[in-house]
There are 2 protein chains.
Amino acid sequence: MREQDFISRIRTAVHTRNKPLIKGIGDDCAVIDYTKQTFLLLTADSLAEGVHFKRKYFRPAEIGARAMAVNISDICAMGGVPRYALVSVGFDKKEKQPFIDAVYKGMLDYAENYGIDIIGGDTIGSKSFFLSITLIGEIEKKRVMLRGGARAGDSIYVTGLLGDSYAGLKVLNKKSRDNLKPFEYLPVKKHILPLPRYMEGRMLSQSGLVNACIDISDGLAIDAGNIAAESGKGAVIYWDRLPVSVSAQKVASGFGALRRRGLRTAVYSGQKQEEKV
Amino acid sequence: MREQDFISRIRTAVHTRNKPLIKGIGDDCAVIDYTKQTFLLLTADSLAEGVHFKRKYFRPAEIGARAMAVNISDICAMGGVPRYALVSVGFDKKEKQPFIDAVYKGMLDYAENYGIDIIGGDTIGSKSFFLSITLIGEIEKKRVMLRGGARAGDSIYVTGLLGDSYAGLKVLNKKSRDNLKPFEYLPVKKHILPLPRYMEGRMLSQSGLVNACIDISDGLAIDAGNIAAESGKGAVIYWDRLPVSVSAQKVASGFGALRRRGLRTAVYSGQKQEEKV
């Protein structure tokens with residue numbers, strides 16, 4: 001079952017009724033009425049061994065840091081400030097204590113940098129290691145950026161270079177981190193620890209200029225499609241205007257995947273089409 | 001590594017600083033300042049296949065219901081009302097869709113009965129199936145029941161019969177559910193789906209008569225020890241006054257474990273001692 005299908009099924013099955021709930025499933029975070037001026041933002045993201053990372057190329061502290069970073073990123077995509085985290089960790093009874101301590105230390109240090117308090121969680125036995133984090137943040141009511149606010153004529157912007165993280169993953173699946181070429185450092189670094197767009201999220205939300213925002217995790221086409229679908233609009237993306245780093249291009253050409261030119265992608269409510277222009 | 005040791009390590013390593021945080025790690029729920037009159041309660045509890053349940057004796061809907069029930073129970077232990085849940089689910093790509101749908105339906109129906117909105121979550125690939133739920137509730141500020149409030153001279157009460165759930169697990173590990181003796185039904189039912197003490201929690205918190213409260217999950221001795229430790233007090237438990245069902249006694253005697261009499265257990269700051277009286 002594809003994750004997107006599963007989420008659609010859940011969304012259809014779920015009925016909400018608590019009055020303070022502003023936004024449930026279907027955005028980067030759920031939104032709940034909080035103080036007079038602010039909303040609470042709530043998000044949950046997990047990291048599982050073998051699926052999201054391999055120990056072969058992730059250091060333990062990086063696993064903890066990344067699990068926290070991807071959650072922070074969801075809060076930032078709505079313009080908010082992260083505050084509290086609950087952390088569930090699953091590991092085998094035979095797991096070595098220094099590994100778990102190092103994962104936790106990486107997570108705590110990372111959370112500390114963003115002023116996040118770890119306020120609870122759970123440890124469970126599990127055949128393979130996973131970290132499941134629920135992060136709670138706060139946002140001024142007038143400033144929250146949702147997926148569904150895009151209007152006709154809006155321009156699409158991204159806050160960084162596209163494809164580096166995936167290029168990094170391709171490199172890591174092929175070779176050791178001790179043996180990287182200079183142009184491989186940046187993609188690998190971005191895959192290991194993506195930088196949450198904290199200042200960007202705050203500045204964009206405070207500017208009042210942004211109608212819709214999303215945390216790209218499944219690629220630009222899918223996530224622009226999510227904005228389009230939530231907003232009841234379409235979107236056109238021009239391949240030749242995408243910001244792609246020289247590093248990512250070099251990695252891609254090394255894998256025989258040349259950057260396609262002369263193509264544009266039209267995204268209508270999550271349906272991707274390609275046309276020659 | 002034992003869970004208790006791990007939690008102690010985390011607790012020592014964690015520094016909190018967000019001002020609205022009333023209570024972090026160390027109680028059934030974390031407590032955050034919410035409205036003028038109320039606190040938010042936050043808890044996270046997970047259920048993993050092979051560790052917390054086996055498909056052999058759990059029906060899919062019961063897995064979902066139980067995962068929700070154990071979280072609701074934490075909110076009830078502080079006297080609160082459950083409101084919102086974020087659900088992370090991990091399963092193998094080859095997992096059958098009807099199984100996952102049934103688990104989810106069990107969880108949603110159960111949540112619905114308690115007026116809980118599912119507001120978000122995450123699905124991840126995982127070698128073994130797990131459900132990790134973060135539940136958020138609400139409680140009147142003056143009425144919250146913490147672990148640390150016990151005073152010298154307090155009596156200890158439980159809201160139900162002790163040991164049934166464990167007796168049920170022993171039965172389930174030995175035989176099929178289609179083949180139970182009459183006295184085995186109750187223990188098995190209580191193991192499959194423990195009943196959160198919703199009304200009890202509300203009534204006890206509203207009464208203003210309760211100084212400390214806890215959700216028993218690790219057995220009375222350990223959890224009375226947790227109250228004692230958090231309150232800086234000791235506790236004495238008399239074996240012969242424990243409420244144990246006839247069913248649990250029958251199951252226990254079938255396993256050669258006779259109920260011990262003439263013993264009392266003294267719990268001082270989590271240290272268990274037994275003395276003859």
Side-chain angles (χ1 to χ4, degrees), chain A residues 1 3 6-7 9-10 13-18 20-21 23-25 27 29-32 34-35 40 42-52 83-84 86-90 93 95 97 100-101 104-105 108 112 115-128 130 132 134 136, chain B residues 1 3 6-7 9-10 13-18 20-21 23-25 27 29-32 34-35 40 42-48 50-52 83-84 86-91 93 95 97 100-101 104-105 108 112 115-128 130 132 134 136:
Chain A
M1 188 166 14
E3 178 168 350
F6 186 67
I7 292 170
R9 295 169 76 94
I10 299 305
V14 163
H15 305 282
T16 58
R17 98 213 69 183
N18 277 305
L21 181 66
K23 183 90 201 165
I25 297 171
D27 216 306
C29 304
V31 185
I32 294 176
Y34 187 39
T35 66
L40 272 189
L42 300 102
T43 184
D45 243 323
S46 310
L47 220 61
E49 180 158 12
V51 180
H52 298 93
R83 299 268 189 228
Y84 308 102
L86 292 100
V87 181
S88 293
V89 53
K93 275 182 194 168
E95 186 60 77
Q97 198 176 296
I100 297 166
D101 283 353
Y104 245 82
K105 187 168 187 319
L108 290 176
E112 181 111 5
I116 297 164
D117 291 345
I118 313 291
I119 61 169
D122 186 26
T123 62
I124 63 167
S126 168
K127 282 177 205 167
S128 59
F130 72 85
S132 182
T134 295
I136 294 127
Chain B
M1 186 162 20
E3 178 168 348
F6 185 67
I7 291 170
R9 295 170 76 95
I10 299 306
V14 164
H15 305 283
T16 58
R17 97 213 70 181
N18 278 306
L21 181 66
K23 182 91 201 167
I25 297 171
D27 217 305
C29 304
V31 184
I32 294 176
Y34 186 39
T35 66
L40 272 189
L42 300 102
T43 184
D45 243 323
S46 309
L47 219 62
V51 179
H52 299 92
R83 299 269 191 228
Y84 308 103
L86 292 100
V87 181
S88 294
V89 52
F91 51 84
K93 274 182 195 168
E95 186 59 77
Q97 198 176 294
I100 298 166
D101 283 353
Y104 245 84
K105 187 166 187 320
L108 290 176
E112 181 111 4
I116 297 164
D117 291 345
I118 312 290
I119 60 168
D122 186 25
T123 63
I124 63 168
S126 168
K127 281 177 205 167
S128 60
F130 72 85
S132 182
T134 295
I136 295 128

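Within every chain, numbering begins at 1; the chains are lettered A, B, ... in the order of the sequence lines, protein sequences first and strands thereafter. Just so you know, these numbers come straight off a predicted model, no measurement behind them.
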For A/Asp117, salt bridge (Lys or Arg N to Asp or Glu O under 4.0 Å) partners two or more places apart: B/Arg17
Residue, of A/Ile116, A/Thr35, A/Val51, that accumulates the most heavy atom pairs under 4.5 Å with chain B: A/Val51
Smallest separation among heavy atoms of B/Asp122 and A/Ala44, with atom names: CB-O, 3.3 Å
B/Leu21 versus chain A, the contacting section by heavy-atom distance below 4.5 Å: both
Option that, when pairs with chain A are counted at under 4.5 Å, heavy atom only, ranks first among B/Ile118, B/Thr43, B/Leu40, B/Ile119: B/Ile119
Which residues share a ring pair (Phe, Tyr, Trp, His ring centres under 6.0 Å) with A/Tyr104, sequence neighbours left out: B/Phe6
Under 4.5 Å from any heavy atom of chain B - which part of A/Ser46: both
Side chain / backbone / both / neither for A/Leu86 at chain B, heavy atoms under 4.5 Å: side chain
Under 4.5 Å from a heavy atom of chain B, the part of A/Val87 involved: neither
Flag side-chain contact, heavy atom, 4.5 Å: A/Tyr84 against B/Ile32: yes
Which atoms of A/Phe130 approach chain B - backbone, side chain, both or neither, heavy atom under 4.5 Å: side chain
Within-4.5 Å side-chain heavy-atom neighbours: B/Ile136 and A/Leu42: yes
Minimum heavy-atom distance B/Gly125-A/Ala48, with the two atoms named: O-CB, 3.4 Å
Contact winner vs chain B - A/Gly120, A/Ser88, A/Gly90, A/Gly115, heavy-atom pairs under 4.5 Å: A/Gly115
Side chain, backbone, both or neither of B/Val31 within contact of chain A (heavy atoms, under 4.5 Å): neither
